[in-house]
Amino acid sequence: MKKYMSIMLVMILLMLSACSNNTAGDEEKPGDSKNPAGTITVWGWDVAAATMKAAVEGFQKKYPDVKVKVEDFNSSDLYDKVTVGLAARGSGLPDVVLMEDERIPGYLHQFPEGFVNLDKLGYEQYKDSFNPAKVAAVQNKDGDFIAAPWDIGPAGMFYRVDFFEKANIDPNSIQTWDDYIAAGKKIKEATGAQLLPIDIPNYDGVFQMMMQQQGLSYFDNDGKITLQSKEAIQAMEVIKKLHDEDLILNNKGWDGIVTATVNGSVATIPYGVWYAGTIMDQAPDLNGKWDVFYLPSFESGGTRYANVGGSSVLIPSSSKNQSAAYAFVEFFTTDQESQLLGFEKYGLFPSLKETYSDPNFTANSEYFNNNPIFKKFADIVDQVPQINVNENFAKASSLTSHAQAAILLENKSVQSGLKDAGEQLENEIKK
């Protein structure tokens, strides 16, 4: 059976190579680095692809000899096509591809020569234009840019203003996770709403945020697994307290979070800034009833900052028009107007720091209790701790979610659940 599958895989890759759609490396003669020309293809998804398309007009004013084709895929389809293309030595790949930051280390590990080193094309000059945590997420082990930063997701606690008022809770009084739990009890008693949604068996995002506050991911800077660390135990113990007090709504996936947002079954949602767009879009009738404060800390005066999500753009090494591809990548990620396009139209939070002085960031938001919530997020971008996100991130997240379910739903102890997850992760990495 294994031999049959191997033969089939080889046949598929050969067919892809033979039937390449010529997305990368147009047959036109490309220009040089100073005068790029020709056609390039760019891959993205959803509103990100829409933003890329919107940026093309401004790009072509600066580079009139470059034609840009933006192709919009479902994100999972895009990753499948990238994986197959890299395995087929670049066959069928575009000249530029969008990728979530957490996915980048896995691709670099599996295909170390798969993408262009952007420092060799001059991108290192923009290092100070982005926050250190974002820069670290798109560099290789040698500190070179392999991807160009695009959007980020500084995290906060979205909250229902009317629920807090009914429970007589001042959001400014919530400084620590203990304060948050105490407030949650009062809010539930006053409104009947639980405090926050977590898809317990499938989503460990709250745990991830808590870990980043403490300067860690699933791995420390030396690559050692951190699931048995005091920081991990402390984070999971807070989540267990929230569950023991019946303050967690065990929702079902993304749709469950959105439903809880709309129907008022939760009072708060800890998430990345980009969720503001979802709230406004899905709950227009709640205008003025949402606001945001920073994540609680583990101790008074502790760090309250984390990041959820974010994506960047890469140039596959197979591109035959790297000069034009780099021109687009450089323009798209460092041109202020292009960076603001995604924010203004779709709520995508730019990583280019110079955009944060724009009136769109400093103005009060009528929807969010007439407060400047986007400035609030922009103010913390440089304070988000840098963490180690490596090629085993997805495995670690899945196993931690399983541990979370065992701890909250099967009454396993925090220490035992995290210990088992850490040992299983170590075994899977060795395979």
Side-chain angles (χ1 to χ4, degrees), residues 23-24 42-49 51-52 71-88 90 92-118 123 130 133-141 144-153 155 202-205 207-209 211-212 217-219 223 253-254 271-272 274 306-319 325 329 332-333 342 348-349 351 384 386-401 425 428-429:
T23 50
V42 180
W43 285 1
W45 62 83
D46 196 41
V47 295
T51 304
M52 289 173 163
E71 298 185 359
D72 184 356
F73 296 94
N74 174 284
S75 62
S76 60
D77 291 340
L78 181 146
Y79 288 121
D80 287 343
K81 288 173 72 67
V82 169
T83 301
V84 171
L86 288 168
L93 289 179
D95 300 280
V96 178
V97 62
L98 181 73
M99 193 174 290
E100 292 163 296
D101 292 347
E102 65 189 51
R103 298 262 194 163
I104 294 173
Y107 277 101
L108 294 184
H109 177 75
Q110 190 173 2
F111 305 102
E113 304 299 324
F115 299 97
V116 172
N117 183 329
L118 300 183
Y123 202 83
F130 310 97
K134 180 68 174 183
V135 169
V138 297
Q139 291 178 319
N140 63 15
K141 293 179 180 179
D144 298 327
F145 278 97
I146 295 298
W150 187 44
D151 71 317
I152 54 174
N202 303 302
Y203 177 70
D204 71 333
F207 176 83
Q208 288 181 35
M209 285 182 256
M211 288 291 281
Q212 186 165 21
S217 177
Y218 306 106
F219 306 90
W254 172 259
Y271 232 156
W274 42 264
N307 185 82
V308 180
S311 56
S312 302
V313 286
L314 303 89
I315 301 175
S317 298
S318 56
S319 170
V329 165
F332 184 63
T333 59
L348 297 168
F349 202 84
S351 59
V384 173
Q386 181 177 323
I387 57 174
N388 179 9
V389 178
N390 64 24
E391 67 273 12
N392 296 302
F393 182 91
K395 290 179 182 177
S397 177
S398 177
L399 290 171
T400 304
S401 297
L425 177 58
E428 290 199 11
I429 291 173

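Remember, it's a predicted structure, so these values are computed and weren't measured experimentally. Values below: every heavy atom of this structure, side chains too, minus hydrogens, waters and symmetry copies.
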Using the side chain to side chain contact (heavy atoms under 4.5 Å, CB included) rule, take Thr51 and Phe332 through it: C-alpha gap first, then chi angles, then the decisive distance, then the call. CA-CA 10 Å; Thr51 304; Phe332 184 63; 4.2 Å; yes
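- Using cut-offs of 30° and 60° for the angle between ring planes, the Trp254 and Tyr271 rings count as tilted.
- In plain terms, the two heavy atoms of Gln386 and Ala133 that are nearest each other are CA-CB, 4.1 Å.
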Do Val313 and Met52 pass the side chain to side chain contact (heavy atoms under 4.5 Å, CB included) test, and can you show the C-alpha distance, the side-chain angles, and the key distance before you say yes or no? CA-CA 11 Å; Val313 286; Met52 289 173 163; 3.7 Å; yes
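- Considering all non-hydrogen atoms of both residues, Pro149 and Ser312 come closest at CA-OG, 3.6 Å.
- Counting heavy atoms from C-beta on, the side chains of Phe349 and Trp150 never come closer than 4.5 Å.
- Taking the six-membered ring where the residue is Trp, Tyr218 and Phe393 present perpendicular rings, their angle passing 60° and hence far from 30°.
- For the pair Leu118/Ile146, no side-chain contact is recorded, criterion being any heavy-atom separation below 4.5 Å from C-beta on.
- Taking all atoms of both residues into account, the shortest heavy-atom contact from Met209 to Ala306 is O-CB, 3.7 Å.
- Counting heavy atoms from C-beta on, the side chains of Glu71 and Leu78 never come closer than 4.5 Å.
- Side-chain contact between Gln212 and Asn307: present, with at least one pair of heavy atoms (C-beta onward) separated by less than 4.5 Å.
- Proximity of Phe115 to Val97: side-chain heavy atoms (C-beta onward) are separated by under 4.5 Å at one or more points.
- Side-chain contact annotation: Ser217 with Asn388, donor-acceptor N/O pair under 3.5 Å absent.
- Note that the CG atom of Leu399 and the CG atom of Leu425 stand 6.0 Å from one another [nearest 0.5 Å].
- Side-chain polar atoms of Tyr107 and Thr83 form a donor-acceptor pair below 3.5 angstrom.
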Are Lys141 and Leu108 close enough, and set up right, to give a side chain to side chain contact (heavy atoms under 4.5 Å, CB included), and what steps lead you there? CA-CA 10 Å; Lys141 293 179 180 179; Leu108 294 184; over 6 Å; no
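- Distance check, rounded to the nearest 0.5 Å: CG of Leu348 to CG of Asp151 gives 5.5 Å.
- Counting heavy atoms from C-beta on, the side chains of Ser401 and Asn202 never come closer than 4.5 Å.
- Rounded to the nearest 0.5 Å, atoms CG (Asn74) and NZ (Lys81) are 12.0 Å apart.
- In this structure, CG in Asn390 is found 10.0 Å from NZ in Lys395, a value given to the nearest 0.5 Å.
- If you take CZ on Arg103 and OG on Ser75, they are separated by 7.0 Å, rounding to the nearest 0.5 Å.
- Here the closest heavy-atom approach between residue Trp274 and residue Ile152 is recorded as CD1-O, 4.3 Å.
- Of all heavy-atom pairs spanning Leu98 and Ser311, the tightest one is CD1-OG, 3.6 Å.
- Taking the side chain as every heavy atom from C-beta outward, Val389 and Phe219 never approach each other to under 4.5 Å.
- Counted within 6.0 Å of CD on Glu113, heavy atoms from surrounding residues, nucleotides or ligands total 12 or fewer; the atom is thus considered open.
- Atom-to-atom distance recorded for Ser318:OG and Leu86:CG is 7.0 Å, nearest 0.5 angstrom.
- Nearest heavy atoms, Gln208 versus Ser397: NE2-OG, 3.5 Å.
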Audit row: Phe145, Val135, side chain to side chain contact (heavy atoms under 4.5 Å, CB included) steps and yes/no: CA-CA 8 Å; Phe145 278 97; Val135 169; 3.9 Å; yes
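- You'll find the side chain of Glu100 reaches within 4.5 Å of the side chain of Trp45, heavy atoms only.
- Judged by distance alone, the side chain of Ser319 and the main-chain N or O of Ile315 form no donor-acceptor pair under 3.5 Å.
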